[in-house]
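Just dropping this structure here.
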Amino acid sequence: MVNARIHLSAPDVSGVEERYLVNALRSGWVAPVGPDLEEFEREIARRCGTAHAVGVSSGTAALHLALLALGVGPGQAVLVPTLTFAATANAVAYTGAEPVFVDSLAGDGNVDPDQVARAAADLRREGRTVGAVLPVDLFGAVADHEAVAAAAGPGVPLVEDAAEALGATRDGRPAGSFGRAAALSFNGNKIMTTSGGGMLVTDDRALAARARHLATQAREPVAHYEHRDVGYNYRLSNLLAALGRGQLSRLDEMIARRRQLRERYLRLFAAAEGTRVLGEGDPGANCWLTTLVVEPGRAGWEAADLGAWLAARDIETRPIWKPMHLQPVYRDRRAWLTGVADRLFASGLNLPSGSGMREDARRRVFDAVAEFLDQRR
Ligand SMILES: *Cc1c(COP(=O)(O)O)cnc(C)c1O
């Protein structure tokens with residue numbers, strides 16, 4: 001096991017989750033309904049500081065439902081950061097609205113409010129309706145949602161894609177509490193996992209009720225099967241909610257471990273000319289993934305060189321999200337660009353950041369990085 005492959009962000013599950021899961025199984029609630037699901041929703045709402053939460057089968061489903069509940073649809077444009085995982089843009093495409101892409105800030109990679117303002121103004125001048133703005137809390141650093149909402153303009157609802165940011169804060173306010181609604185993800189590699197799952201959180205009672213309705217095949221509350229809308233089968237299983245409750249009970253501990261890793265990376269790269277850590281110095285980040293940014297001209301090497309060095313030692317790293325405006329599926333869409341996301345994509349590297357990494361694995365990573373830096377000095 002000494003030389004087992006080290007992953008970017010492997011699931012971190014323990015006996016705690018096992019007990020929650022076994023208890024749920026024995027309770028007989030083996031369905032997308034049950035007491036663990038209800039309790040998990042209450043616990044997540046409390047954690048996010050929202051009045052309501054709807055457990056769903058993925059973060060993508062949560063985004064889709066939030067947009068549908070806000071009335072986003074064909075003919076509208078939705079402002080999406082270009083530097084994100086494809087799910088953010090896909091959720092917009094599912095509604096029939098047009099995802100349009102906006103560039104990033106160099107500091108933490110989150111969407112650039114000036115470009116949001118430019119995009120919103122241009123679209124309005126053309127007579128287009130901006131149906132929503134969908135900022136992402138990239139790699140667990142909460143975006144400046146107030147600035148983004150102001151830039152999008154009055155009447156444009158903000159949906160927070162907090163899929164990577166559970167447990168993070170900005171000025172003391174929790175991720176998930178910004179905007180009209182927010183989406184969380186519990187996919188296998190996220191800060192906490194239900195193997196697959198997500199949650200829509202909101203203060204808006206009617207929005208939550210609408211999302212819940214659409215997530216359960218839009219079945220009307222009558223004994224016979226009655227449907228007025230096209231619904232979805234998007235509810236979270238009670239078993240997975242139980243797993244999520246176990247994970248949530250360990251969330252603070254898991255975030256603390258990711259923050260420790262970030263601190264050690266910061267020390268390791270402090271003396272390495274031409275490098276920085278994306279979003280460094282944000283006290284509220286949950287440190288889901290630590291991203292190194294390398295300026296090859298100053299460093300004398302590229303992010304990909306370090307990636308290859310670590311891969312040869314069975315240590316996984318990944319390039320950061322390939323911007324949506326470069327994706328074959330979206331490259332014909334409109335985009336308001338400054339070049340920042342392109343540069344971050346070319347120069348960024350996500351480093352192993354999992355909370356389940358043991359000290360021997362951590363040491364293997366740090367030693368390999370230190371050796372690389374020595375050899376490049
Ligand atoms: C993971 C992720 C999603 C999608 O979540 P799933 O649960 O995998 O559907 C959406 N947006 C961002 C930014 C993500 O990282």
Side-chain angles (χ1 to χ4, degrees), residues 8-11 32 40 44 53-68 78-95 99 101-102 104 108-111 132-143 145 148 158-168 175-176 178-179 181-201 211 215 232-237 240-241 243-244 247-248 258 278-279 285-291 318-324 327 329-330 341 344-345 348 350 353-354:
L8 198 67
S9 177
F40 188 39
I44 288 286
V54 182
V56 291
S57 52
S58 70
T60 312
L63 288 170
H64 186 196
L65 292 171
L67 294 169
L68 289 175
V78 174
L79 307 174
V80 175
T82 191
L83 191 57
T84 184
F85 179 54
T88 319
N90 289 346
V92 175
Y94 299 162
T95 68
F101 300 110
V102 181
S104 307
D108 62 6
N110 278 321
V111 75
V133 59
L134 192 34
V136 174
D137 298 327
L138 194 68
F139 303 132
V142 180
H145 294 293
V148 173
L158 184 147
V159 175
E160 180 188 3
D161 183 344
E164 303 173 1
L166 179 62
F178 297 87
L184 305 172
S185 168
F186 311 125
N187 200 359
N189 63 355
K190 292 283 161 51
I191 192 100
M192 65 165 249
T193 184
T194 60
S195 72
M199 193 88 76
L200 179 155
V201 287
Y232 302 84
N233 183 7
Y234 272 173
R235 280 292 267 169
L236 182 65
S237 145
L240 299 187
L243 174 54
Q247 285 268 281
L248 187 57
R258 291 193 192 246
L278 193 68
N286 68 4
C287 300
W288 172 53
L289 294 181
T290 291
T291 306
R318 285 210 200 146
I320 68 173
W321 304 130
K322 179 173 179 175
M324 291 302 111
Q327 297 287 354
V329 63
Y330 288 126
L344 287 175
F345 175 55
N350 284 323
S353 305

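When a ligand or atom number is given, it counts from 1 through the structure's own listing order. Any value given below was found using the heavy atoms of this structure, including those in side chains, with hydrogens, waters and symmetry copies removed.
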Next item on the list: Evaluate the side-chain contact (heavy atoms from CB on, under 4.5 Å) criterion for residues Phe40 and Phe186: first the C-alpha distance (whole Å), next the side-chain angles of each, then the deciding distance (0.1 Å), finally the verdict.
Entry: CA-CA 12 Å; Phe40 188 39; Phe186 311 125; 3.7 Å; yes
Check: Do ligand 1 and Trp321 have nitrogen or oxygen atoms that lie under 3.5 Å from each other?
Finding: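 The answer is no, given that Trp321 and ligand 1 share no N or O pair closer than 3.5 Å.
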Checklist line | Region of Ser58 that comes within reach of ligand 1 [heavy atoms, distance under 4.0 Å] | finding: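 The answer is both, backbone and side chain.
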Margin query: So if I count the atoms of ligand 1 from 1 in the order they appear, which ones are less than 4.0 Å from some heavy atom of Gly197?
Written below: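 Every atom of ligand 1 under 4.0 Å from some heavy atom of Gly197: 7 (O).
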Next item on the list: List every atom of ligand 1 that sits less than 4.0 Å from any heavy atom of Ala87, numbering the atoms from 1 in the order shown and giving each element.
Entry: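 Listed by number with element, the hits are 3 (C), 4 (C), 10 (C).
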Check: Roughly how far, to the nearest 0.5 Å, is CH2 of Trp288 from CG of Leu166?
Finding: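 Answer for the CG-CH2 pair, Leu166 versus Trp288, is 12.5 Å.
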Checklist line | Close side-chain approach of Pro323 to Phe101, heavy-atom, < 4.5 Å | finding: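 Result no, sub-4.5 Å side-chain heavy-atom pair not found.
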Margin query: Show the atoms of ligand 1 that are less than 4.0 angstrom away from any heavy atom in Thr88.
Written below: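 Once the distances to Thr88 are compared, the set is 11 (N), 13 (C).
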Check: What's the spacing between Ser185 OG and Ile191 CD1 if we round to 0.5 Å?
Finding: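 The CD1 atom of Ile191 is 11.5 Å from OG of Ser185, to the nearest 0.5 Å.
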Check: What is the minimum heavy-atom distance between Leu344 and Leu278, and which atoms define it?
Finding: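 Smallest heavy-atom distance, with atoms named: CD2-CD1, 3.9 Å.
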Next item on the list: Examine the side chains of His64 and Asn90 and answer whether a donor and an acceptor come within less than 3.5 Å of each other.
Entry: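 No, no side-chain donor-acceptor pair sits under 3.5 Å.
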Notebook entry, point to check: To which protein heavy atom is atom 11 (N) of ligand 1 closest, and what is the distance rounded to 0.1 Å?
Noted result: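 Minimum-distance protein heavy atom for atom 11 (N) of ligand 1 reads Asp161 OD2, 2.8 Å.
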Next item on the list: Just need the protein heavy atom nearest to atom 1 (C) of ligand 1, so name the residue and atom and give the distance.
Entry: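 Result: Lys190 NZ, 1.5 Å.
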Next item on the list: Using the side chain to side chain donor-acceptor pair (under 3.5 Å) rule, pick out the option among Thr84, Thr88, Thr60 that qualifies with Asp161.
Entry: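 Going through Thr84, Thr88, Thr60 one by one, the side chain to side chain donor-acceptor pair (under 3.5 Å) with Asp161 is satisfied by Thr88 alone.
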Notebook entry, point to check: ligand 1 and Ala163, any nitrogen or oxygen pair closer than 3.5 angstrom?
Noted result: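 No; the residue has no nitrogen or oxygen that sits under 3.5 Å from a nitrogen or oxygen of the ligand.
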Check: If you measure from each non-hydrogen atom of Val136 to ligand 1, which part falls under 4.0 Å: side chain, backbone, both or neither?
Finding: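 The answer is the side chain.
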Margin query: Out of all atoms in ligand 1, which are within 4.0 Å of some heavy atom of Thr84? Include the element for each.
Written below: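 Those qualifying, in numeric order: 13 (C).
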Check: Between Asn187 and ligand 1, does any nitrogen or oxygen pair lie at a separation below 3.5 Å?
Finding: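 For ligand 1, there is an N or O atom that lies under 3.5 Å from one belonging to Asn187.
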Notebook entry, point to check: Hey, what do you get for CE (Met192) to CG (Asn187), rounding to the nearest 0.5 Å?
Noted result: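 It is 12.0 Å, given to the nearest 0.5 Å.
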Note to self: Under 4.0 Å, counting heavy atoms only: does Ala62 come that close to any atom of ligand 1?
What the structure shows: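 Contact check Ala62 vs ligand 1: negative.
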Check: Is the shortest N/O to N/O distance between Trp288 and ligand 1 below 3.5 Å?
Finding: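 No; every N/O pair is 3.5 Å or more apart.
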Margin query: Do Arg235 and Val54 make a side-chain contact, defined as non-hydrogen atoms from C-beta onward lying under 4.5 Å apart?
Written below: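 Counting from C-beta outward, Arg235 and Val54 do come under 4.5 Å.
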Note to self: To check your reading of the model: name the closest protein heavy atom to atom 9 (O) of ligand 1, its residue, and the distance in Å.
What the structure shows: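 The closest one turns out to be Thr60 OG1, 2.5 Å.
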Notebook entry, point to check: For atom 15 (O) of ligand 1, which protein heavy atom lies nearest, and how many Å away is it?
Noted result: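 Checked against all protein heavy atoms, atom 15 (O) of ligand 1 sits closest to Glu164 OE2, 2.5 Å.
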Notebook entry, point to check: Taking the side chain from Arg258 and the backbone from Ser353, do they hold a donor-acceptor pair closer than 3.5 Å?
Noted result: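 Present.
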